[in-house]
Protein chains: 2
Amino acid sequence: MSSSVLRTQARSIAPGMDISEQRIILGDCIAELEKLPAASVDLVFADPPYNLQLQGTLHRPDQSLVDAVDDEWDQFASFEAYDAFTRAWLSAVRRVMKPNAAIWVIGSYHNIFRVGAILQDLGFWILNDVVWRKNNPMPNFRGRRFTNAHETMIWASRSPESKYTFNYEALKAGNEDLQLRSDWLLPICTGGERLKDKEGKKVHPTQKPEALIARVLMSSTKRGDTVLDPFSGSGTTAAVSKRLGRSCIGIERDPEYAAASRARLKGVETLPDEALAEIPAKREAPRVAFSSVVERGLLSPGAILVDSKKKVQALVRADGTIALGPSVGSIHKMGALAQNAEACNGWTYWHMETEQGLSPIDRLREQIRIEMAAIPA
Amino acid sequence: MSSSVLRTQARSIAPGMDISEQRIILGDCIAELEKLPAASVDLVFADPPYNLQLQGTLHRPDQSLVDAVDDEWDQFASFEAYDAFTRAWLSAVRRVMKPNAAIWVIGSYHNIFRVGAILQDLGFWILNDVVWRKNNPMPNFRGRRFTNAHETMIWASRSPESKYTFNYEALKAGNEDLQLRSDWLLPICTGGERLKDKEGKKVHPTQKPEALIARVLMSSTKRGDTVLDPFSGSGTTAAVSKRLGRSCIGIERDPEYAAASRARLKGVETLPDEALAEIPAKREAPRVAFSSVVERGLLSPGAILVDSKKKVQALVRADGTIALGPSVGSIHKMGALAQNAEACNGWTYWHMETEQGLSPIDRLREQIRIEMAAIPA
DNA sequence: TCCATCGGTGAATCTACCA
DNA sequence: CTGGTAGATTCACCGATGG
């Protein structure tokens, strides 16, 4: 089965037919991953353990200088163990990722450098590192370091060739029409969102805010995609997936966390269609050949095209090419030639005279696309 | 020789006896490091090649060509080759570090994970990862990723037992009496600060802003400390070291960069004693000031602040505190002191002389706030 | 003199599809 | 696989120019 078929299947969700499904699997992450079919998930979000054992082993009171040098074996052994664990789960995850899938991993300086290096070693392709800046971080108690006010997320595709999902236009539209940056400012998870048990104690020590996961999913999944969280914890990824109409497989080895997650999921409603509809990206719109503009009579052979300043003229020909002086070629090539540029989008460069003044020929393409959309495939 | 002796020697700088010295060594970093005495430097700042792995050319939407970092020194055959290079220079650097020394390494997602993991493997102890957020990064021209708006710095001590330098009190006093966070917002190096050759071309493709290095040195060195930069480049570390009364050894293998650095150093003046004197590191000590205004150059260290009636004068210092006669502290505390009041808003109390007359320093804060507000969260 | 406009540029792993 | 072509894509700041 080719990747394009997988992609098409996953993305063909008709509005009003929300078939998204979320489940929490109780078990060891690597063992459970091996039971899942290969190439079956669109996105992975992973919040792996920071290896507290490592910190315990390495953190000791100040010692004399002479002793300081020869503790390297312990350190090496502990880091080795963490690396082996990281390689194991990342390899297992990679198997179940579709060719065009991507992964997000979150961590702190204790573990993220090892995770990042191993991601690269395994063939993942880093797309961005994204910094989660916390509005309200825990202060540094002893005044010996900077307030640890951020965590790092690595966003990587399965391979350098992956055609990963990135909802650029939607993100930009929701951000004052500015590109989203690699530093995100969000509050930590507190208050009513934080899961508590009957005694009011927090259920999970590192519950992530839903806003963080929501931005991850909105940026790099389509509706109906399948999300995998191999360290599901309190179930935030599954909960946000359900709300946003994404399917989710969460794996969690702690029965209490798994139970809390399932209870949590019952209280989550999927947002209505209108709230989930994706804005169409220009680059995903169906292609229109300039010749079809001529064929449909929206422009007649012999018509004159001009640039926006009316300094350059070109002649429309019957075969869908245009003539710029002695040169003949596509609207793009002739636009590039007119500007002495390497490339040009002819649809926006060339204009035609109308009663309302100069109008880019892209208007004609939009007209054809509207007509095409009205015809059932 | 014990670490305390080393420490005392390095730190016993009498005011008025500035013996700081900066030199640029022309040569290969590892070969030159081997010539330096062991355990001789207090801080390392390293800006190693990032191993960008760029493919083709990139144009902006207006068809202009992006001047990419495709220099020979950034080319590595593989991750393995980059790792071997990283291990080699970090090991050589570690030998010349004093037992209590620390290191800063800056990088991007291309290399920083490998650097961080190798730092840990070699026995360094990570203290923080600090994010340099750029308020004016290059956008993502193709709309395929998040704007790469930050770089990552790792701050690590030579070993877990190192008694590293951290000027907590001064930093806090210079930051509105708040602990300094792990995310720093600073502009990239442009304008007059950027070194240009006779044709107006940039001398170095990746020159770092002085404000960034200044914050690094103000946070983790004492006056008179020796700073090492094994990839000295355009000499920013040496220049800032000189300005702040720190000694510096810069190693650079490119003769043109080395020559430009030496010329640059000649134009740098060490700040006067009053601006560099350290406040006592006691919790009861008067704290104060507004370091980002100073870092951004909106006020220079040594500048004079006055109250609205010009009856009181204070001196701006490099670490963002101010001096009022014999007292040193934050703008708020010194304002209260000047008025014999319990509390004071230093931003409105203190003024500066401008061509338009007296102006409260709050104007400068407003200026910075406008810049910050322009950045989407 | 001041303001508006315009051109230049910065550590960048920056396309998709068909023949 | 390679090669050719359609066609999509930018933000903040600095300095020069011009009215």
Side-chain angles (χ1 to χ4, degrees), chain A residues 4 100 120 124-129 156-157 160-161 163-164 166 168-169 172 175-182 281-291 320 329-336 342-349 362 365, chain B residues 47-71 73-76 79 82 106-112 132 134-152 187-194 196 200-202 204-209 231 233 370-371 374-376:
Chain A
S4 65
N100 290 328
Q120 292 178 311
F124 291 93
W125 191 244
I126 299 182
L127 301 167
N128 277 117
D129 58 335
S157 59
E161 295 76 32
K163 298 182 196 306
Y164 56 90
F166 184 53
Y168 174 77
E169 292 82 0
K172 185 175 172 179
N175 189 46
E176 300 283 304
D177 288 323
L178 290 175
Q179 289 188 343
L180 215 54
R181 296 166 43 114
S182 57
K282 266 192 190 171
R283 50 166 62 90
E284 286 164 18
R287 294 197 163 212
V288 175
F290 181 66
S291 60
S330 72
I331 51 172
H332 312 296
K333 277 283 186 300
M334 293 302 100
E342 286 192 16
C344 167
N345 183 341
W347 290 108
T348 51
Y349 177 76
D362 207 20
R365 182 169 63 162
Chain B
D47 184 8
Y50 286 9
N51 190 21
L52 286 189
Q53 304 177 60
L54 301 178
Q55 306 290 340
T57 58
L58 179 64
H59 290 84
R60 297 185 180 81
D62 65 2
Q63 308 294 347
S64 65
L65 183 66
V66 174
D67 184 15
V69 178
D70 51 4
D71 304 67
W73 48 256
D74 199 40
Q75 307 299 324
F76 293 86
F79 283 132
Y82 187 80
I106 185 168
S108 67
Y109 66 84
H110 310 85
N111 70 323
I112 199 66
W132 168 30
K134 307 174 184 183
N135 55 12
N136 48 349
M138 196 187 310
N140 185 289
F141 296 119
R142 308 303 292 267
R144 297 299 300 150
R145 303 184 177 192
F146 299 101
T147 305
N148 202 348
H150 75 278
E151 295 188 26
T152 300
I188 62 176
C189 182
T190 58
E193 190 187 321
R194 189 93 197 204
K196 304 277 174 60
K201 278 177 54 185
K202 59 189 176 192
H204 194 280
T206 70
Q207 185 179 341
K208 296 292 178 290
F231 307 99
I370 289 168
E371 290 174 19
I375 297 170

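Heavy-atom basis, side chains included; hydrogens, waters and symmetry copies ignored. Chain letters run A, B, ... following the sequence lines, proteins first and then strands; every chain starts at 1. Values in this document were obtained by computation on a predicted structure and should not be read as measured data.
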Practice problem: Look at Lys172(A) and dT10(D) and indicate whether a side-chain polar atom (N or O) is within less than 4.0 Å of OP1 or OP2. | Solution: yes
Quiz item: dC11(D) phosphate, OP1 or OP2: any side-chain N/O from Asn135(B) under 4.0 angstrom?
Solution: no
Nearest-Å distance for atom pair [atom1]/[atom2], residues [X] and [N]:
X: Asn136(B); N: dA11(C); atom1: CG; atom2: C1'; answer: 14 Å
X: Arg194(B); N: dG15(D); atom1: CZ; atom2: C1'; answer: 16 Å
X: Leu65(B); N: dG10(C); atom1: CG; atom2: C1'; answer: 13 Å
X: Asp62(B); N: dG7(D); atom1: CG; atom2: C1'; answer: 16 Å
X: Glu151(B); N: dT13(C); atom1: CD; atom2: P; answer: 10 Å

Self-check item: Distance-only side-chain donor-acceptor flag, Ser330(A) / His332(A), under 3.5 Å
Solution: no
Quiz prompt | Inter-residue atom distance Trp73(B).CH2 - Asn51(B).CG, 0.5 Å rounding | solution = 11.0 Å
Exercise. Report the distance from atom CD1 of Ile188(B) to atom CG of Asn136(B), rounding to the nearest 0.5 Å.
Key: 4.0 Å
Quiz item: Any idea if dT5(C) is syn or anti, going by the 90°-from-0 cut?
Solution: anti
Quiz prompt | Donor-acceptor pair, side chain of Asp47(B) and main chain of Phe231(B), under 3.5 angstrom | solution = no
Quiz item: Any donor-acceptor pair under 3.5 Å joining the side chain of Arg60(B) to the base of dG10(C)?
Solution: yes
Self-check item: Donor-acceptor pair under 3.5 Å, Lys134(B) side chain vs dA11(C) base
Solution: no
Quiz prompt | Sugar-phosphate or base contact per nucleotide [nucleotides 14-19 of chain C; S, B, -; heavy atom under 4.0 Å] | solution = BSS---
Quiz prompt | Complementary nucleotide of dT10(D), counting Watson-Crick and G-U pairs under 3.5 Å | solution = none
Quiz prompt | Watson-Crick/G-U partner (both atom distances under 3.5 Å) of dC17(C) | solution = dG4(D)
Quiz item: Are side-chain heavy atoms of Tyr349(A) and Ile331(A) found at a separation under 4.5 Å?
Solution: no
Self-check item: 5′-ward residue of the pair Cys189(B)/Ile126(A) relative to DNA chain C
Solution: Cys189(B)
